Amino acid sequence: MKLKNGIDLDTIVPENELEEEIIADFKAGRTKEVVTRCPPEPSGYFYIGHAKAWTINFETAQKFGGKTYLRMDDTNPLKEEGEFAESYLQDLAWLGFTPEKMIYASEAYFDDIYKIAEQMIMDGKAYVCELSAEEVSATRGSLTEPGKESPYRNRTPEENLRLFRAMRDGKFEDGKATLRAKIDMAHPNMNMRDPVMYRVLRAEHYKLGNKWCIYPAYDFAHPMEDALEGVTYSLCDKGFQDHRPIYEWFIENGWKKPFAPKQREFSRVVIENVLTGKRYLKQLVKGGYVSGWDDPRFVTLVALRRRGYTPKAIKDFVKSVGWGSVIEVSVPYSALEHYVREDLNKIATRAMVVLDPLKVVITNFNGKSEEIEIENNPNDESAGKHKALFGREIFIEKEDFSENPPPKYNRLVEGGIVRLKGAYIIKCNKVVKDKNGNIDHLECEYLPNTKSGDDTSGIKCKGTIHFVSADNCFKVTIREFKNLIKEEYKFPAKSLADGVKIEDMLEPNSLTERTALAENFLKDAKVEDKFQFMRKGYYCVDKDSTDQNLVFNSTISLKDGFKVPQK
RNA sequence: AGGGGUGUCGCCAAGUGGUAAGGCACAAGAUUUUGAUUCUUGCAUUCGUAGGUUCAAAUCCUGCCACCCCUGCCA
């Protein structure tokens, strides 16, 4: 069987239970095309968790040649979803997902949903209830006891229809009446105890103004919207597992047509040591702990983007977590970091930047600096090379020279040699100190026949360090980050609930800024350009950069295999 | 008179009666002009637990235990 994307169904290898079910549905003729949908949540802050939902929805549709809609589930006028559509679309686009179309449920489906509600009333499946919210709650029963039936439960269909239309026509004040599904007040699943289908709500809807004063509730609206637009698989997180019976009940009793969308659930992901939640983020922004909602220390998608994370890294990460079997899985931050390193290693251009400079004078080098070449990516020859200089005065990292080297120290020591990446081997002859006894600079000599790529000396050199030449570097600003939340708070939301103060969970000095010396090659870097500063880490150009001053965010350090042996 | 979900290595996770994949993390070694990358190797005699069925059980049956979710006119 050929799919719309030209792929043969039989060649598709299912990667989870849903995909197995989809294949079975195709074969049984229950599914003609996979249609999924993304319903934005009205928070304005999108996290890895959202990225997981998007990835699942878009990629399973894509895999089967289907499509994905973006649907604003705007059934609550008090929530003003409209303003979030744009940031949603932006994050979606950044990750590389393009919805088939964007739908406002209010505009597209409210009329139909209303008609279905009337039909359900005539079928004796719904009734107008005049209990107050408190009374409904009080009669719902508890987890172990059945609820009580509403005194309004047995009105005739005709009376219910008259009353429902009265609701629609504004004859009831807010909260004075609801339309409820007539299911079972003794049902063990609380969601089935006559859930509210419509409530009276007078508020300006951002799309429809005051056209309606009654609004359908999620449990009723969602399956109807899915059915109306032909969604075949309505994928949501496992928090909705308990809602599946009600979803199916509405499909059976409201929709009633042979085509039936299916709700299926995947697990949520959270990352350890990470704080999410609008309330808390706002508090941190307000308190001046961070610069804004896209501060690179946050883990909103915009923040991750600014920090230098790539869409591929994020998608690979969420896919690595899998479909999941529990409501929420939490994974250590290092799992996410693995995928950024993996992607950046392939795509980031290498450059030499000295973060903490120590001056070195090459005493036997005179005259004009010599051109050298640096590979842009040693793992990818097609990335090319760029030019740098080697001259009489250069800078190396302070930590690449030691007066009391630990065992197995491969870098420069007095009287020892190291290779300068892309240039020559140098030998340190003298440590020059200032009057306070601090190292001022090093005097070294270079070994002329050891030029990189053209080394005829036969000298073996254990260490290679990076450097910049004084006449080929400029100052840049480097921002380095520590996790905002102290390491001992693996589950910050839980700690908060336990009464820990947010201030006490914050890592002090989670942002440090320093000036570094970068090779001139970096002068043309644009915002979001990603580099590997050799032997240090991955960095990307921040939006705070100006023509005079480039600002780099540290995305993630390189792994450091050097360990001082324990004695 | 509760219902639903889940228990497989420190973390994620395959596994659907035939003798415990894989990834992260970690450790050791090789290669390396990035102590990166890459590569090799090691890492669950055991699948929450106690029994049972079977030639054979993580997988089937029974009991028990633990954790998560559910009582919005939010989504």
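Since this is a predicted model, take the numbers as computed values, not measurements. Every chain is numbered from 1, with letters handed out A, B, ... down the list of sequences.
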A:Arg244 (side chain) and B:G4 (base): donor-acceptor pair under 3.5 Å: no

Distance, P atom - from B:U16 to B:A27, rounded to whole angstrom: 34 Å

Distance, rounded to the nearest Å, where A:Arg535 contributes CZ and B:U33 contributes P: 14 Å

A:Gln263 backbone acceptor or donor facing A:Ser234 side chain under 3.5 Å: no

Integer-rounded Å distance: B:U37 C1' and A:Glu381 CD: 16 Å

Touch class at under 4.0 angstrom, heavy-atom based, for A:Gly453 against every strand present: base

P gap between B:C39 and B:G22, integer Å: 15 Å

Under-3.5 Å donor-acceptor pair between A:Ser452 side chain and B:U33 base: yes

Between A:Asn376 and A:Thr349, a side-chain donor and acceptor under 3.5 Å: no

Nearest-angstrom distance from the residue atom CD1 of A:Ile556 to C1' of B:A36: 13 Å

Sugar-phosphate only, base, or nothing, as touched by A:Ile327 at under 4.0 Å among non-hydrogen atoms: sugar-phosphate

Quiz item: A:Arg419 side-chain donor-acceptor pair to B:U33 base, under 3.5 Å: yes

Separation of the P atoms in B:U33 and B:C11, to the nearest angstrom: 40 Å

Interatomic distance where CE belongs to A:Met72 and P belongs to B:A75 [whole Å]: 15 Å

Atom pair distance, as rounded to whole Å: CD in A:Glu225 and P in B:A75: 10 Å

Listed nucleotide nearest any side-chain atom of A:Gln241, set B:G35, B:C12, B:G5: B:G5

Whether over 12 other heavy atoms sit under 6.0 Å from A:Glu173 CD: no

Whole-Å gap separating P (B:C68) and NZ (A:Lys238): 17 Å

Between P of B:U37 and CG of A:Asp343, the distance in whole Å: 15 Å

